Amino acid sequence: METVHRTTVVIIGAGPAGLATSVCLSKLAIANTILEKENVTCSLWKHRAYDRLRLHLAKQYCNLPFAPPHAASTPTFMSKDHFTAYVESYVSRFQIEPRFDCLVTRAAHGMGKWRVETARGEVYEAEFLVVAAGENGVPFVPEVDGMEGFGGVTLHSSGYRNGEEFKGKDVLVVGCGNSGMEIGLDLCNHGARASIVVRGPQKCMQFHVVTRGMVHLGMQMLKYVKMKYVDSIVASMASFYYRDLPKYGIHRPALQGPFTHKSTTGKTPVIDVGTVDRIRSGQIQVVPGIERVLKGTNEVEFADGTTRRFHAILFATGYRSSANSWLEVN
């Protein structure tokens with residue numbers, strides 16, 4: 001006989017979104033249960049984030065529902081330790097009790113209710129289902145010809161903590177989003193020789209590069225000014241400050257500013273925390289897209305035909321949502 005747990009709402013994921021949803025529902029006296037595949041809340045921040053990670057949004061935009069504002073002593077841009085401590089205090093304040101080690105294997109709707117099954121053999125039935133598992137569930141590593149024969153270290157950014165172990169080594173960072181750019185800087189700070197792939201095999205990359213200060217200013221302005229005007233101001237500032245980036249293969253999207261681009265495509269602008277200056281000084285190299293890894297060697301061939309030897313390849317290529325593997329919808 002299977003064990004069936006019944007509730008009004010099942011929430012999948014005990015990250016900030018899942019926890020906040022639970023508190024909001026509980027305030028309305030709506031029964032809910034959080035299922036979390038890991039053994040902790042906020043597992044992405046605790047288990048898969050590099051040491052120097054900080055929030056790119058100012059603290060006043062990172063409050064969880066019904067919690068008091070952040071203390072004056074809290075840094076404007078919180079470190080991962082500050083943020084995870086804040087989440088833990090939130091869990092304690094509202095006595096949230098997720099069910100840990102509950103890996104969801106199937107969630108389907110039928111006969112007017114949701115049926116959620118877990119790897120432990122438990123079944124949860126509910127009127128409503130909230131998927132708060134996020135878009136960062138499964139590390140994504142693209143296929144690279146010859147990678148299986150690479151003679152050095154390969155690592156996804158989810159397993160990277162700091163650059164100490166790479167001191168004095170040549171490291172290729174694949175991916176030019178926020179993680180890739182910041183990890184490249186961290187490697188450089190730890191004495192590694194970092195190179196970042198910022199161009200694909202066929203075309204240059206297009207994304208916005210801004211500073212934390214520009215984002216902070218834009219967020220403040222959005223309270224009073226339409227997004228298109230905020231975009232115009234912030235994009236003009238970024239265009240002036242980063243006017244030399246095209247020579248490194250980094251081009252700003254021509255049709256949309258950073259805030260509109262984020263709202264329409266979901267693509268977050270790169271928040272520069274010092275990487276660009278290291279690129280300008282030559283301390284961080286910019287390389288074309290990878291063509292292949294030469295079999296049985298540490299040699300990487302790039303799209304322009306050049307080859308270079310690396311001790312490690314680090315993939316800062318993002319994640320994929322896990323929901324497609326267990327969520328059944330028609």
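Treat the numbers as computed from the prediction; the structure is a model and nothing was measured.
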Between Val234 and Pro258, which heavy-atom pair has the shortest distance, and what is it?
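Reported closest heavy-atom pair: CG1-CG, 3.9 Å.
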
Phe100, Ile96: one ILVMFWY side-chain cluster at the under-4.5 Å cut-off?
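In one cluster with Phe100: Ile96, no.
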
Ile11-Val123 co-clustered via ILVMFWY side chain contacts under 4.5 Å:
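No, no single cluster joins them.
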
All pairs passing ring-ring contact (aromatic ring centres under 6.0 Å, His included) where [range] contributes a residue, at least two apart:
{"range": "residues 151-185", "value": "His156-Tyr319"}
{"range": "residues 41-62", "value": "Trp45-Phe83"}
{"range": "residues 255-288", "value": "His208-His261"}

Tell me, which pairs form a salt bridge (charged side-chain N to carboxylate O under 4.0 Å, His left out) where one or both residues lie in residues 165-193, sequence neighbours left out?
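Qualifying pairs, neighbours excluded: Arg52-Glu182, Asp170-Arg193.
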
Is Lys46 salt-bridged to Glu88, cutoff N-O under 4.0 Å?
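Answer for the salt bridge query: yes.
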
Would Lys113 and Glu127 pass as an ion pair if we require N to O under 4.0 Å?
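The answer is no: the pair does not qualify as a salt bridge.
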
Contacts of type salt bridge (charged side-chain N to carboxylate O under 4.0 Å, His left out), residue Glu36, not counting sequence neighbours:
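Testing Glu36 for salt bridge (charged side-chain N to carboxylate O under 4.0 Å, His left out), a comparison that skips the adjacent residues, returns none.
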
Restricting to salt bridge (charged side-chain N to carboxylate O under 4.0 Å, His left out), what partner residues turn up for Asp244, sequence neighbours left out?
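With neighbours one apart ignored, the set is Arg280.
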
Would Arg212 and Thr76 satisfy side-chain contact (heavy atoms from CB on, under 4.5 Å), going step by step from the backbone distance to the final call?
CA-CA 10 Å; Arg212 283 195 184 117; Thr76 301; over 6 Å; no

Share the residues that join [X] in a hydrophobic cluster, the rule being Ile, Leu, Val, Met, Phe, Trp or Tyr side chains under 4.5 Å apart at the heavy-atom level.
{"X": "Leu185", "value": "Val273"}
{"X": "Leu129", "value": "Val10, Ile12, Leu35, Val104, Trp114, Val116, Tyr124, Val131, Trp326, Leu327, Val329"}
{"X": "Val138", "value": "none"}
{"X": "Leu255", "value": "none"}

Please say whether more than 12 non-hydrogen atoms of neighbouring residues, nucleotides or ligands are located less than 6.0 Å from NZ in Lys226.
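Not buried by this count: 12 neighbours or fewer within 6.0 Å.
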
Please indicate whether Gln95 has more than 12 foreign heavy atoms, meaning atoms of other residues, nucleotides or ligands, lying under 6.0 Å from its CD.
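Check fails, neighbour count at 12 or below.
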
Intermediate values then yes/no, side chain to side chain donor-acceptor pair (under 3.5 Å), Asn298 and His311:
CA-CA 7 Å; Asn298 287 48; His311 296 97; over 6 Å; no

Can you name the residues that form a side-chain contact (heavy atoms from CB on, under 4.5 Å) with Ile233, not counting sequence neighbours?
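So Ile233 forms a side-chain contact (heavy atoms from CB on, under 4.5 Å) with Met221, Met237.
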
Expected output: side-chain Ser43 to main-chain Val40 donor-acceptor under 3.5 Å:
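No; zero donor-acceptor contacts below 3.5 Å.
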
Is the backbone N or O of Thr211 less than 3.5 Å from a side-chain atom of Asp272, with the two atoms forming a donor-acceptor pair by type?
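No; zero donor-acceptor contacts below 3.5 Å.
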
cation_pi(Lys27, Phe66) dist<6.0 Å, angle<=45
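Yes, Lys27 sits over the ring of Phe66.
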
Check residues 139-153 and write down every donor-acceptor pair under 3.5 Å in which the side-chain atom is one partner and the other belongs to a residue at least two apart or another chain.
none

Nearest 0.5 Å please: distance from the CG atom of Leu187 over to the OG atom of Ser195.
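Answer rounded to 0.5 Å: 10.0 Å.
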
